[in-house]
2 protein chains.
Amino acid sequence: MPTKQSANLDAVSKAIIEQLQHDGRKSYASIATEVGLSEAAVRQRVQRLLDAGVMQIVAVTDPLQVGFLRSAMIGLRVSGDMTEVADALTTMEEVDYVVTTAGSFDILAEVVCEDDDHLLELLTKRIRALPNVVATETFVYLKLNKQLYNWGTR
Amino acid sequence: MPTKQSANLDAVSKAIIEQLQHDGRKSYASIATEVGLSEAAVRQRVQRLLDAGVMQIVAVTDPLQVGFLRSAMIGLRVSGDMTEVADALTTMEEVDYVVTTAGSFDILAEVVCEDDDHLLELLTKRIRALPNVVATETFVYLKLNKQLYNWGTR
DNA sequence: AGTGAAACGACCGTAGA
DNA sequence: TCTACGGTCGTTTCACT
């Protein structure tokens with residue numbers, strides 16, 4: 001079950017995570033030789049990290065290469081409780097990222113669409129149609145300069 | 001070598017990707033039985049998808065669980081060429097996400113920091129100190145509502 | 001939490017269609 | 001680009017520390 005607190009990771013676990021951030025399918029045996037543990041010990045630690053929700057090992061795809069040519073960040077201003085709007089956004093499949101923020105936007109949502117028509121339909125018919133959405137501002141992506149999945153073992 | 005064009009993925013490749021989006025370490029053999037191909041064929045297709053940059057299989061970590069308690073999105077307005085600022089941001093290790101956008105911000109950058117002091121130092125001493133940065137607006141994250149790595153096989 | 005060893009299953013290279 | 005197959009290596013389980 002995922003813990004909410006920050007786990008105390010020792011140097012060995014950090015080293016294991018770092019290996020897997022480069023190659024999620026790297027064998028436990030070869031990680032073991034690099035970090036100086038037995039293969040079984042590495043496997044147990046990886047299992048614990050996965051169970052605790054500290055990391056997950058997954059395939060991540062490049063949207064441009066799988067037919068999603070138009071991405072954007074949408075900033076929303078909301079009246080009243082923003083959790084309902086945030087919840088509604090999380091259920092939309094084009095929306096891959098939702099954060100509740102402090103600042104001139106209450107919510108930031110990243111959307112991945114096939115083309116401009118798709119984005120327009122999503123924005124006008126579904127996002128701006130949500131109750132309590134007062135205003136939106138759309139930042140169409142021109143270029144993705146950096147995308148790191150490797151948080152947290154620097 | 002990563003191609004820049006969007007690849008044409010058939011139903012089988014999409015099915016393989018979908019399996020790996022749930023478990024990046026799932027064995028080729030068990031994927032093979034699910035999609036109805038031989039183990040070697042699955043292995044070859046996965047290798048091609050990785051080589052083409054269509055997907056990568058990596059460990060992704062939860063910043064809160066590895067000691068990064070303060071995240072934020074920073075919108076930047078830039079004078080002149082924005083590529084230099086974007087490039088400078090990509091070299092900063094706290095910056096995990098940089099996009100060049102159209103709208104009232106020229107660049108959006110997501111940063112992952114240990115605490116507020118760290119964020120303040122990064123923002124004032126390093127980001128706002130960059131040449132041609134005219135203005136910034138910081139959206140401190142209160143709650144991460146949704147984070148999907150599974151782009152593109154819907 | 002970690003080690004070691006033995007049985008099992010997955011992975012890899014190669015050949016052939 | 002797929003299947004078939006044999007050798008090798010990785011993984012799993014378990015008893016022990």
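Letters go in sequence order (proteins before strands), and every chain restarts at 1. As the structure is a computational prediction, the values presented were derived from the model and not from experiment.
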Return the polar atom pairs (N/O with N/O) between nucleotides 4-9 of chain D and the protein under 3.5 Å, or none.
none

Contact check, side chains of [X] and [Y], non-hydrogen atoms, under 4.5 Å:
X: L144(B); Y: Y97(A); answer: yes
X: V66(B); Y: L9(A); answer: yes
X: L69(A); Y: D115(A); answer: no

Tell me which pairs pass salt bridge (charged side-chain N to carboxylate O under 4.0 Å, His left out) where either residue lies in residues 69-85 of chain B, with sequence neighbours left out. R70(B)-D116(B)
Can R43(A) and E39(A) be counted as an ion pair, charged N to O under 4.0 angstrom? yes
For [X] and [N], give me the distance from atom [atom1] to atom [atom2], rounded to whole Å.
X: K26(A); N: dT11(D); atom1: NZ; atom2: P; answer: 12 Å
X: R45(B); N: dT3(D); atom1: CZ; atom2: C1'; answer: 14 Å
X: Y28(B); N: dG10(D); atom1: OH; atom2: P; answer: 14 Å

Please tabulate, one pair per line, each protein N/O and nucleotide N/O from nucleotides 15-17 of chain D that are separated by under 3.5 Å, including the distance.
none

Verify side-chain contact (heavy atoms from CB on, under 4.5 Å) between V58(B) and V58(A), making sure each step is shown before the conclusion. CA-CA 6 Å; V58(B) 290; V58(A) 290; 5.6 Å; no
When you measure from the centre of the six-membered ring of Y28(A), is the NZ or CZ of R25(B) under 6.0 Å away and within 45° of the axis? yes
Would you kindly compare V12(B) and R25(B) by the position of their nearest DNA chain D nucleotide and give the one closer to the 5′ end? V12(B)
The side-chain contact (heavy atoms from CB on, under 4.5 Å) partners of L120(B) (sequence neighbours excluded) come to T124(B)
Taking heavy atoms of chain B and a 4.0 Å limit, find me the 5'-most and 3'-most nucleotide of DNA chain C within that range. dA10(C) to dG13(C)
How about S27(A) and S30(A): does a side-chain donor come under 3.5 Å of a side-chain acceptor? yes
Using the C1' atoms of the five pairs at each end, what is the angle between the end axes of the helix from dA1(C)-dT17(D) to dA17(C)-dT1(D), to 10°? 40°
Before giving the answer on salt bridge (Lys or Arg N to Asp or Glu O under 4.0 Å), spell out for D87(B) and K146(A) the whole-Å C-alpha distance, their side-chain angles and the decisive distance to 0.1 Å. CA-CA 9 Å; D87(B) 288 347; K146(A) 179 180 189 178; over 6 Å; no
